[in-house]
Amino acid sequence: MRNLVFIFALAYQLMSCNSKKNEHITKVLSNDSGNIIAETDSLFKVNIYEGLLPCADCSGIETVLKIYEGDGTIESHTFELTTIYKSKKPEKMFTQKGNFDYERGLENDPDGTIYVLNWEKPECERIYYGYKSGNPEKIYLLNNKREIIKSGLNYFLTLKNKQL
């Protein structure tokens, strides 16, 4: 019996030593009403895009877009979009959380990707970002026709962090 206890204790220690490799940290995302919209695992892929978008009445809109791809199912695709209107007094931070879906093809690039944020909501509440297949590190804010905004101003964010 003593040997059996020793074997179980040894097995437990070996498993606990390896548990750090398999540890999953769960983050709960909720919408503005406080309802849980998704749970994401930190081991799933997250892309973080950042940049300063143009603003008509401020010095720019500091923007961070986090794309959580989850386990690959559409139900696990979530996003977090944070914006701060710079030089507004007081500066306020706005955060939107929700679901997204993919579409293939961006303008003349059939392998480009479009993220449709809030895809399950009415058209007027959807937000579109997309990147060309040759440069996935640069994601453009798109108009409601899913086209890159043609302007001398910079309507894009840059990939800052990519995790698998």
Side-chain angles (χ1 to χ4, degrees), residues 24-72 74-164:
H24 295 279
I25 300 169
T26 301
K27 297 178 185 176
V28 177
L29 301 178
S30 59
N31 62 16
D32 294 335
S33 303
N35 300 323
I36 294 175
I37 55 173
E39 291 185 7
T40 61
D41 189 303
S42 65
L43 297 180
F44 292 136
K45 184 177 176 183
V46 58
N47 290 332
I48 302 172
Y49 297 91
E50 298 177 358
L52 190 67
L53 297 178
C55 178
D57 62 348
C58 68
S59 62
I61 305 169
E62 187 177 295
T63 305
V64 177
L65 174 60
K66 296 178 183 177
I67 300 289
Y68 299 93
E69 296 192 18
D71 63 7
I74 192 156
E75 294 83 13
S76 68
H77 291 169
T78 59
F79 75 90
E80 181 178 311
L81 179 64
T82 304
T83 55
I84 300 173
Y85 289 75
K86 302 306 285 180
S87 73
K88 288 282 208 177
K89 298 295 179 202
E91 287 185 352
K92 291 185 180 179
M93 179 170 48
F94 300 93
T95 302
Q96 294 182 50
K97 297 177 182 181
N99 298 317
F100 75 89
D101 196 8
Y102 295 105
E103 291 181 1
R104 281 286 168 219
L106 176 60
E107 295 185 342
N108 296 330
D109 182 0
D111 294 323
T113 299
I114 296 175
Y115 293 113
V116 181
L117 309 183
N118 295 321
W119 67 271
E120 76 282 13
K121 293 187 177 181
E123 184 75 27
C124 63
E125 295 182 43
R126 295 179 190 165
I127 304 167
Y128 304 97
Y129 279 91
Y131 62 84
K132 295 183 178 182
S133 61
N135 190 6
E137 290 81 28
K138 190 175 189 179
I139 190 168
Y140 295 91
L141 176 62
L142 307 176
N143 63 23
N144 61 355
K145 296 179 183 176
R146 297 169 170 83
E147 302 167 332
I148 295 173
I149 297 170
K150 307 296 185 222
S151 171
L153 303 173
N154 294 327
Y155 284 94
F156 65 87
L157 306 174
T158 305
L159 183 64
K160 296 295 180 187
N161 183 30
K162 183 176 185 176
Q163 296 178 351
L164 294 176

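Position 1 is the first residue of the sequence, and the numbers go up from there. Worth knowing before you read on, the calculation uses all heavy atoms, side chains too, and leaves out hydrogens, waters and symmetry mates.
Using a 4.5 Å cut-off on side-chain heavy atoms (C-beta onward), Leu81 and Val64 make no contact. Ile61 has its side chain out of reach of Ile84: every pair of non-hydrogen atoms, C-beta onward, lies at least 4.5 Å apart. Glu69 places a side-chain heavy atom less than 4.5 Å from the side chain of Asn47. For the pair Tyr85/Phe94, a side-chain contact is recorded, criterion being any heavy-atom separation below 4.5 Å from C-beta on.
Taking the ring centroids of Tyr102 and Tyr115, they lie under the 6.0 Å cut-off. A centroid separation of 6.0 Å or more is found between the aromatic rings of Tyr131 and Tyr129. Between Tyr140 and Tyr155, the ring centre distance reaches or exceeds 6.0 Å.
The CG atom of Leu117 lies 12.5 Å from the CH2 atom of Trp119; values are rounded to the nearest 0.5 Å. Lys66 contributes atom NZ, which lies 11.0 Å from atom OG1 of Thr78 (distance to the nearest 0.5 angstrom). Distance check: Lys160 NZ to Leu65 CG gives 13.5 Å after rounding to the nearest 0.5 Å. A distance of 13.5 Å separates OH of Tyr128 from CG of Leu106, quoted to the nearest 0.5 Å. Expressed to the nearest 0.5 Å, how far CG of Leu159 lies from CD1 of Ile48 amounts to 8.5 Å. Distance CD1/Ile67 to CD1/Ile139: 6.0 Å, rounded to 0.5 Å.
Proximity of a side-chain donor or acceptor of Ser87 to a complementary backbone N or O of Ser59 within less than 3.5 Å is detected. With hydrogens and angles disregarded, no donor-acceptor distance shorter than 3.5 Å links the side chain of Glu80 to the backbone of Thr95. When atom types are taken as modelled, the side chain of Asp109 and the backbone of Asp111 share a donor-acceptor pair closer than 3.5 angstrom. Of the possible donor and acceptor atoms, one in the side chain of Asn143 sits under 3.5 Å from a partner among the backbone N and O of Arg146.
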Legend entry - Worked check of side-chain contact (heavy atoms from CB on, under 4.5 Å) between Ile148 and Leu142: CA-CA 5 Å; Ile148 295 173; Leu142 307 176; 3.8 Å; yes
Inset, instruction - Just do the side-chain contact (heavy atoms from CB on, under 4.5 Å) check on Thr82 and Thr63 with the steps written out, would you? - result: CA-CA 6 Å; Thr82 304; Thr63 305; over 6 Å; no
Inset, instruction - Give the C-alpha distance, both sets of side-chain angles, the deciding distance and a yes or no for side-chain contact (heavy atoms from CB on, under 4.5 Å) between Asn99 and Lys121. - result: CA-CA 9 Å; Asn99 298 317; Lys121 293 187 177 181; over 6 Å; no
Inset, instruction - Report the C-alpha distance between Lys138 and Leu157 in whole Å, list the side-chain angles of each, state the deciding distance to 0.1 Å, and finish with yes or no for side-chain contact (heavy atoms from CB on, under 4.5 Å). - result: CA-CA 6 Å; Lys138 190 175 189 179; Leu157 306 174; over 6 Å; no
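For NZ of Lys150, the number of neighbouring non-hydrogen atoms (other residues, nucleotides, ligands) closer than 6.0 Å is greater than 12.
Listed here is the closest heavy atom pair of Tyr49 and Pro136: OH-O, 3.5 Å. Asn118 approaches Gln96 most closely through the heavy-atom pair ND2-OE1, 3.7 Å. What you find for Gly60 and Leu52 is that their closest heavy atoms are C-CD1, 3.7 Å.
The existence of a salt bridge linking Glu62 and Lys86 is confirmed by a sub-4.0 Å separation between a basic side-chain nitrogen and an acidic carboxylate oxygen. With salt bridges taken as basic N to acidic carboxylate O contacts below 4.0 Å, none links Arg126 and Glu103.
Between the side chains of Asp71 and Ser76, at least one donor N or O lies within less than 3.5 Å of an accepting N or O.
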